[in-house]
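Scope of the values below: all heavy atoms of this structure, side chains included, with no hydrogens, waters or symmetry mates. Bear in mind that the values here come from a model prediction, so they are computed numbers and not experimental data.
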Amino acid sequence: MNEVDNYSNESLGREVRSETAVKSFMANVFTYMAGALAITAVFAYWFAQSQDLMSYLINFETGGPTMLGWVVTFAPLIFVFGMSMSFNRLSSFALLLLFIAFSAIMGISFSFIFLAYTASSITSTFLITAGTFGAMALVGYTTSTDLTKFGGILMMALIGLIVAMVVNMFMGSGTLDYIISCAGVLIFTGLTAYDVQKLKRIGSGQEYGAEAANKLAIMGALNLYLDFINLFLFLLRLFGDRR
């Protein structure tokens, strides 16, 4: 009986430690993500409120982006690929600095939306996004259903969505644009739950050291940040009031 009791106590202790590790890891993920969103919001509002700053991004005579405007638009993609490919080589501090820089540049590129949509619709859409994201994150964290296959389907749907968006750049179809926006909302709503469950499993890994766990938390925050941003943009396309 003593051996059984000892084993039971050890097993319970491992479960408690594992649950503590998951909560700590997920807390770090959401802290990094919230910080990145705050940086993005500050830079977006800062640039949008200054015509002098916006003049570096937009040629007001032609209405098109300047060279710097194009750089700011595509630079976030370079940051995402760079962080992903350099994950093993960079320290957690270096990854964090890149994440901060990425968030700031995303904020600068987001200043464009203030020219296309009213501030009130941007605010209301952000609140809707936050509520939707929070609900799906809770689902992903608490559900006992394995979302792995569901995530695979969503990733294939995402590829199809990207192809449709490229095609519609040439077609300019309003109907297709509406369908793309609806599909985008559904895809990134589902990906939020999938990514949170995936990160919860990563957080339960006992083989990670502090440095590796911190790096994984930063990259996890990047994934959720992208889910949130894309969900926000597709919702804004559906419900935003244009100027």
Side-chain angles (χ1 to χ4, degrees), residues 29 32-48 53-54 56-59 64-117 122 126 129 133 151 154-170 177 180-181 183-185 187-192 194-195 198-199 215-237 240:
V29 169
Y32 286 132
M33 176 197 164
L37 287 174
I39 292 171
T40 297
V42 168
F43 272 83
Y45 185 78
W46 178 32
F47 269 72
L53 291 175
M54 290 301 295
Y56 290 110
L57 306 177
I58 298 176
N59 186 328
T66 63
M67 182 61 69
L68 181 59
W70 284 114
V71 171
V72 166
T73 300
F74 290 103
L77 290 174
I78 299 174
F79 271 89
V80 171
F81 285 120
M83 291 175 67
S84 299
M85 291 187 294
S86 304
F87 174 80
N88 291 323
R89 298 194 301 271
L90 296 177
S91 66
S92 61
F93 182 70
L95 273 178
L96 181 59
L97 290 180
L98 285 177
F99 193 24
I100 292 172
F102 164 78
S103 304
I105 293 176
M106 280 292 290
I108 296 172
S109 67
F110 260 49
S111 61
F112 290 119
I113 67 175
F114 285 91
L115 301 178
Y117 298 93
I122 291 173
F126 180 86
T129 304
F133 181 91
L154 286 172
M155 291 306 297
M156 288 189 290
L158 179 58
I159 294 172
L161 181 70
I162 293 171
V163 172
M165 291 177 69
V166 172
V167 170
N168 202 40
M169 287 175 60
F170 300 98
D177 184 70
I180 287 171
S181 298
V185 169
I187 289 170
F188 284 102
T189 297
L191 280 175
T192 298
Y194 166 73
D195 283 336
K198 180 177 66 176
L199 289 169
K215 290 167 67 173
L216 287 168
I218 294 170
M219 295 305 295
L222 174 62
N223 276 351
L224 294 184
Y225 172 96
L226 292 174
D227 289 341
F228 187 100
I229 289 297
N230 281 288
L231 179 59
F232 169 74
L233 289 176
F234 282 114
L235 283 170
L236 190 63
R237 289 171 61 165

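Note that CG of N223 is 12.5 Å distant from CD1 of I218, once rounded to the nearest 0.5 Å. Atom CZ in F47 sits 6.0 Å away from atom CG in L57 (nearest 0.5 Å). Considering OG1 of T129 and CG of N230, their distance stands at 11.0 Å, rounded to 0.5 Å. Rounding to the nearest 0.5 angstrom, the gap separating the CH2 atom in W46 from the OG atom in S111 is 11.0 Å. In this structure, CG on L158 lies 6.0 Å from CD1 on I187, to the nearest 0.5 angstrom. A distance of 10.5 Å separates CG in L98 from CG in L222, rounded to the nearest 0.5 Å.
Ring planes of F114 and Y45: perpendicular class, angle over 60° (limits at 30 and 60°). Note: F74 and W70 have parallel aromatic rings, judged against thresholds of 30 and 60 degrees for the angle between ring planes.
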For this session: List the steps, then state whether side chain to side chain contact (heavy atoms under 4.5 Å, CB included) holds for I39 with M106.
Result: CA-CA 9 Å; I39 292 171; M106 280 292 290; over 6 Å; no

For this session: Would you please test Y56 and V72 for side chain to side chain contact (heavy atoms under 4.5 Å, CB included) and show each step?
Result: CA-CA 10 Å; Y56 290 110; V72 166; over 6 Å; no

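A side-chain N or O of T40 and one of Y225 form a donor-acceptor pair less than 3.5 Å apart.
With hydrogens and angles ignored, the 3.5 Å screen pairs no side-chain donor or acceptor of K215 with any backbone N or O of L95. Between the side chain of S91 and the backbone N or O of A94, at least one donor-acceptor pair lies under 3.5 Å.
F99 and A221 get closest at one heavy-atom pair: CE2-CB, 3.8 Å. Of all non-hydrogen atoms in M85 and R89, the two that sit nearest each other are O-NH1, 3.7 Å. Listed here is the closest heavy atom pair of G151 and Y194: CA-CD1, 3.5 Å. Heavy atoms only, all atoms of each residue included: L224 and T192 are closest at CD2-O, 4.4 Å.
When side chains are defined from C-beta on, L226 does not count as touching F188, because their heavy atoms never get closer than 4.5 Å. The closest side-chain heavy-atom distance from F234 to L161 is below 4.5 Å. With contacts defined as side-chain heavy-atom distances shorter than 4.5 Å, the pair I113/F232 qualifies. Contact of the V185 side chain with the R237 side chain is not registered, since no non-hydrogen atoms from C-beta on lie closer than 4.5 Å. At a threshold of 4.5 Å between non-hydrogen side-chain atoms, the residues T66 and I58 do not count as touching.
In F93, the CZ atom is not crowded: 12 or fewer heavy atoms of neighbouring residues, nucleotides or ligands sit closer than 6.0 Å.
Residues passing the ring pair (Phe, Tyr, Trp, His ring centres under 6.0 Å) test with F126, sequence neighbours excluded: F228.
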